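Notes to accompany the following structure.
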Amino acid sequence: MSFMPLLLLGVYELLFGDERRWGYAVAGFTLVFQSHILSAVWSALLILTAALLSIRHLCEKSRLLACIKAAGLTILLNLWYLLPMLYMMREPIQLNTLPTPFTEYAVPFALLFKASPEIGFSTTKDGLSLDSNILPLTIGLSLLLTNLLLALPKCQGYRKARAFDGMRKKARGLFVWGAVMVFMASRAMPWKLLARISAVDRLTGFTQFPWRLLAFAVTFLSISGAAALVITARETRHQAMIFALAFAVALFPMTTFLDAKNPEHIQIREVEIIGSELIAGGEYLYHDTDISQLPRRTTGPAAVSEQLEINDFQRKNGHVTFRYTISGSKPEQNSPLYADMPLLYYPGYRAWVDGLEIPVERSGQNLVRIILPAGSQGTVEVCYKGKRSWNLATMISAASIAGWGIWGIYTTIKRKRR
């Protein structure tokens, strides 16, 4: 949410302002994307909607070219993350573990407009219920009051009143966008009816919660409310009183967030996965993973073959090393020599025995399984390296960041010399 104003500025410049400042849109969307994927999905949908509504402006050649540049550079900057994410989405991984439908997480209207914000939600069989220390589910008193100022007529007696006509028009536009976001986050929106459309149902299921739109609503309403304060203060010439009142109204609900007990909620655990109640019932795990059977971090590799002996096990995060020997004169011909690591399997793990790479596969419990060669002993190293195409994508993103930075420095120096 912190980066949404920057994204909003960039989109405004692309569609209505100086399209040469398209870099703001690139920086804003990249920061939102790297912060929260689902917020980036909603952002992309809102940008597409704004573009369709302003299609007349996009017909300008320079503006359309700027949009293409912004979209292309955004993809290149985020390719290091985008490519692995799209690959993982093809895997049978649990990405949506909501016990109730998307439609049940819309916020009641009465809760949206409470003066003192309730914080948080929890999942129950009946849908949305309140919890603590999670997320605010209200718009807040300060945003309501400041945006009401936009309804006031402009002060005709003030000699510079017309100077704020443009700002007032833009602020009211932002207010409309914010009001639409509030409506879509609430139970007034007919989500259940729209969910009958398969495409809408898939999209809403992926984005999980309607109340995520409150982040966009707060962004729009904060800017429109701030503009309303500036306009009113300048036109009425009561700046000190108006801003003191705004500060007091904004400070009132802030006490809800000043929870001194928050540090007590920080927990460090030894297990590979910390339990179904804290990972949303297996989210981001393969569908058939049995959470109760997952090993602890300190547990060594499981030798599936009886002839396999494992010693000197060491682990540092996702990096595992150990020595193994094969007891007896010969391993059984049909008995596979493999061991399961105390690591959750995801594509990208690699393993070596004495420097020679060996196969890695997913075990029945969705752990990293290594296939050992026929040698009698060796030192095994297992770590996550990712795929070669992902490493190439990382280099492309790094080169794009460097190139964009160099171009920015070059254009700045060139502008100063003029």
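The structure displayed is predicted, hence computed values, not measured ones.
Heavy atoms of other residues, nucleotides or ligands lying less than 6.0 angstrom from OH of Tyr346 number more than 12. Atom CD of Glu60 has more than 12 heavy atoms from other residues, nucleotides or ligands within 6.0 Å. More than 12 heavy atoms of other residues, nucleotides or ligands sit less than 6.0 Å from atom CZ of Arg323.
Side chain to side chain, Ser62 and Glu19 meet the donor-acceptor criterion of an N or O pair below 3.5 Å. Donor-acceptor pairing under 3.5 Å is recorded for the side chains of His319 and Glu381.
Proximity of a side-chain donor or acceptor of Thr74 to a complementary backbone N or O of Ala70 within less than 3.5 Å is detected. Side-chain atoms of Thr232 never come within 3.5 Å of backbone atoms of Leu229 as a donor-acceptor pair (strictly under, hydrogens ignored). Looking at Gln377, its side chain never comes within 3.5 Å of a backbone N or O of Tyr324 through a donor-acceptor pair. With Ser397 contributing its side chain and Leu76 its backbone, the two residues share a donor-acceptor pair below 3.5 Å.
Here Leu52 contributes atom CG and Leu48 contributes atom CG; the two are 4.5 Å apart, rounded to the nearest 0.5 Å. Once rounded to the nearest 0.5 Å, the distance linking NZ of Lys170 with CD1 of Ile223 reads 12.5 Å. Between the OG atom in Ser43 and the CG atom in Leu7 there is a gap of 5.5 Å [rounded to 0.5 Å]. Between atom CD1 of residue Ile396 and atom CD1 of residue Ile75 there is a gap of 12.0 Å, rounded to the nearest 0.5 Å. The CZ atom of Arg63 sits 7.5 Å away from atom CG of Leu15, with the distance rounded to the nearest 0.5 Å. Separation of atoms NE2 (His57) and CG (Leu14) is listed at 13.0 Å; rounding is to 0.5 Å.
Every side-chain contact (heavy atoms from CB on, under 4.5 Å) that Phe33 has, sequence neighbours left out, goes to Phe29, Ile37, Ala40, Asn78, Tyr81, Leu82, Met85. Residues that satisfy the ring pair (Phe, Tyr, Trp, His ring centres under 6.0 Å) test with Tyr349, not counting sequence neighbours, are Tyr384.
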Open item on the list: Using the rule given for side chain to side chain contact (heavy atoms under 4.5 Å, CB included), can you reason through Cys59 versus Leu64, listing the C-alpha separation, both sets of side-chain angles and the distance that settles it, and then say yes or no?
Closed with: CA-CA 7 Å; Cys59 291; Leu64 180 60; over 6 Å; no
Task: Intermediate values then yes/no, side chain to side chain contact (heavy atoms under 4.5 Å, CB included), Glu361 and Ile371 - done: CA-CA 8 Å; Glu361 61 184 35; Ile371 312 300; 3.8 Å; yes
TODO: Using the side chain to side chain contact (heavy atoms under 4.5 Å, CB included) rule, take Asp312 and Thr379 through it: C-alpha gap first, then chi angles, then the decisive distance, then the call.
DONE: CA-CA 9 Å; Asp312 300 331; Thr379 300; over 6 Å; no
Open item on the list: Run the side chain to side chain contact (heavy atoms under 4.5 Å, CB included) test on Cys383 and Val320 for me, step by step, so that the C-alpha distance in whole Å, both residues' side-chain angles and the decisive distance to 0.1 Å come before the verdict.
Closed with: CA-CA 6 Å; Cys383 65; Val320 166; over 6 Å; no
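Within the 4.5 Å cutoff, side-chain heavy atoms of Leu150 are placed close to those of Ser224. Leu367 places none of its side-chain heavy atoms less than 4.5 Å from the side chain of Leu343. You'll find the side chain of Ile231 stays beyond 4.5 Å of the side chain of Leu149, heavy atoms only. The side-chain heavy atoms of Tyr87 and Trp390, taken from C-beta on, include a pair separated by under 4.5 Å. A heavy-atom distance below 4.5 Å is not found between the side chains of Glu13 and Trp22. Using a 4.5 Å heavy-atom threshold, the side chains of Ile370 and Pro359 count as separate.
The two residues Ser186 and Phe183 come nearest to each other via the heavy atoms OG-O, 2.8 Å. The two residues Thr146 and Ala228 come nearest to each other via the heavy atoms O-CB, 3.3 Å. The heavy-atom pair separating Ser39 from Met4 by the smallest distance is CB-CE, 4.1 Å. Heavy atoms only, all atoms of each residue included: Tyr286 and Pro347 are closest at OH-CD, 3.5 Å. In terms of heavy atoms, Trp352 sits closest to Ile358 at N-CG1, 4.2 Å. For Pro342 against Arg315, the heavy-atom pair with the smallest separation is O-NH1, 2.6 Å.
For an aromatic pair to be called close, the ring centres must be under 6.0 Å apart, and Trp177 with Phe216 fails this.
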Let me have the donor-acceptor pairs involving side chains of residues 407-415, under 3.5 Å, with sequence neighbours excluded, atom names and distances please.
residue: Thr411; atom: OG1; partner: Trp407; partner atom: O; Å: 3.0
residue: Thr411; atom: OG1; partner: Gly408; partner atom: O; Å: 2.9
residue: Thr412; atom: OG1; partner: Gly408; partner atom: O; Å: 2.7

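Taking the ring axis of Tyr345 as reference, the NZ or CZ atom of Arg369 does not stay both within 45° of it and closer than 6.0 Å to the ring centre.
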